[in-house]
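Worksheet: one structure, shown below.
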Amino acid sequence: MTGYEALEGVIDNVEVPLLQARGVRKAFGPTCALRQADVTVSAGEIVAVMGPSGSGKSTLLHCLAGILAPDEGEVVFSGRRVDRLNEEQRAALRRTDFGFVFQFGQLLGELSVVENVALPLLLNGVRRGKAMAIAREWLEMFDLADLALRRPHEVSGGQAQRVAIARAMATSPKIIFADEPTGSLDSAAGVTVLDSFTAVARSRGVAIVLVTHESRVAAYASRMIVVRDGVVTAPAAAEWSR
Amino acid sequence: MSVRLALLGLLGRQTSHGYRLKHRYDALMDPSGVVAPAQIYATLVRLERDGLVRQAGMDQESGPARRLYELTPLGHAEVDRWLTRPVEPAPHLQALLYTKVVLLILAGRRIEPFIDMQRETHLARMRELTGLRLSRDVATSVLAEYALYHLEADMRWLEAVASQVERLTKGVAGDDERGGRTS
Ligand SMILES: Nc1ncnc2c1ncn2[C@@H]1O[C@H](COP(=O)(O)OP(=O)(O)OP(=O)(O)O)[C@@H](O)[C@H]1O
Ligand SMILES: [Mg+2]
């Protein structure tokens, strides 16, 4: 082992956050959606983001995930300043290291379930045969193998969300950003989705930022932050800024 | 009341004695185990008096001999009737939580910090329950599910109250005035 590799090992073992936002501010015209956001996410950790409607949860998620560029502050992912990357670089980061799950309509209707899961792999340059094989493995993991050849409109809402999660996992991201992933489901279906989502993420060491207004959903996370009027008011954030 | 009905329900499944019933009751209905054995025995005596259960010999299989009980036809009818009727919706108030929130609003204090604190407390418990839910033990799993939905309801109620604090504060101040001020 070279000295450099040894040093890297040491650095890996120190609690270096996977993702860290400092003093992030984002306004839409006159509306200041996010005022002063400090957030830290460690590798493999599941963090719930709660707060009233319109408080800035989705805006925070989009800033963390490099979908929106903050007006002020910094977002650091694995030592890289996400906020300083150009649009092309951010898109590349989103494809390789990030996964996304939203509330509705994420699957492409023209593609089968397995093709939907394979899509991000294909976009990353994985050959078709290999991408389809990997996609099938992920479907298996989420108990969806039987639905592989169906179209999205031929599966239930809960199944569609599990397909979307399988797709988010397919590129083996370090972190998944989930905005109300069970928001369109009834409680029972939501619970089934979350059971498998969080179990698979934990077993693979994938971190999740989970936006939700339901405490039942937040209870799957190991930690919670609260956004109120664009301000992150988590105990964790208070600790961090000291 | 609930001990009486629970014992009837348990005896509807199989003949049993007080000692085993106490264990089944604790395991299925109330893991805190606060029901005293004496209450179980006293309830059995009352059920026998009311003609809902009767003695069915002694259990001498292991340990000391214990008196076995079984349901009478009347007892079976009672259990059936009770099990197949809906439960009267009661408010299920977390009385302390409710009282606190009303007093906070009454005092004109900000309710958000309290809600944030309560959410942390509720969530800590809900995290445990989310784990317990996956238990293979039916009673543990079902009880955890029950508690989760109720804690979720508390939180929803708190959020709903928080979003109406302004209106509620006015209402409360008005009531105080009508009731006559002391200070
Ligand atoms: N693209 C946009 N253009 C203008 N205003 C926006 C935009 N996106 C969000 N906002 C505003 O920013 C504020 C925060 O919105 P955001 O979507 O982050 O809230 P949220 O906490 O996710 O709410 P919800 O729980 O309802 O999804 C709101 O006042 C919203 O109207
Ligand atoms: Mg939102």
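Note on naming: letters A, B, ... go to the chains in the order of the sequence lines (proteins, then strands), and numbering restarts at 1 for each one.
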Go through the atoms of A:Ala48 and report whether side chain, backbone, both or neither lie under 4.5 Å from a heavy atom of chain B.
neither

Which bit of A:Ser187 comes within less than 4.5 Å of chain B, counting heavy atoms only: side chain, backbone, both or neither?
both

With sequence neighbours left out, write down each residue that passes side chain to side chain donor-acceptor pair (under 3.5 Å) with B:Tyr69, or none if nothing qualifies.
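Side chain to side chain donor-acceptor pair (under 3.5 Å) list for B:Tyr69, sorted by chain: empty.
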
Evaluate the side-chain proximity of [Y] to [X]: yes if any heavy-atom separation is below 4.5 Å, no if none is.
X	Y	value
B:Glu159	A:His213	no
B:His122	A:Ser215	no
B:Glu112	A:Thr233	no

Restricting to non-hydrogen atoms, name the atom on A:Ala188 and the atom on B:Tyr149 that form the minimum distance, rounded to 0.1 Å.
N-OH, 4.3 Å

Over all atoms of both residues, closest heavy-atom pair of A:Met224 and B:Arg127:
N-NH2, 4.3 Å

[atom1] ([X]) with more than 12 external heavy atoms under 6.0 Å:
X	atom1	result
B:Arg13	CZ	no
B:Asp59	CG	yes
B:Tyr19	OH	no
A:Lys174	NZ	no

In terms of heavy-atom proximity below 4.5 Å to chain A, should B:Leu129 be classed as side chain, backbone, both, or neither?
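Neither part; nothing is under 4.5 Å.
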
Counting only non-hydrogen atoms closer than 4.5 Å, does B:Arg125 touch chain A with its backbone (N, CA, C, O), its side chain (CB onward), both, or neither?
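Nothing of B:Arg125, per the 4.5 Å heavy-atom cut-off to chain A.
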
If I take atom CG from residue B:Leu123 and atom CE from residue A:Met50, how far apart are they, to the nearest 0.5 angstrom?
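So the CG of B:Leu123 and the CE of A:Met50 are separated by 6.0 Å.
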
Rounded to the nearest 0.5 Å, what separation is found between the CZ atom of A:Arg216 and the CG atom of B:Leu151?
10.0 Å

Holding to side-chain contact (heavy atoms from CB on, under 4.5 Å), I want the full list of residues that pass it with B:Trp157, two or more places apart in sequence or in another chain.
B:Leu97, B:Tyr98, B:Val101, B:Val161

Between B:Glu152, B:Glu128, B:Glu145, B:Arg156, which has the largest tally of heavy atom pairs under 4.5 Å with chain A?
B:Glu152

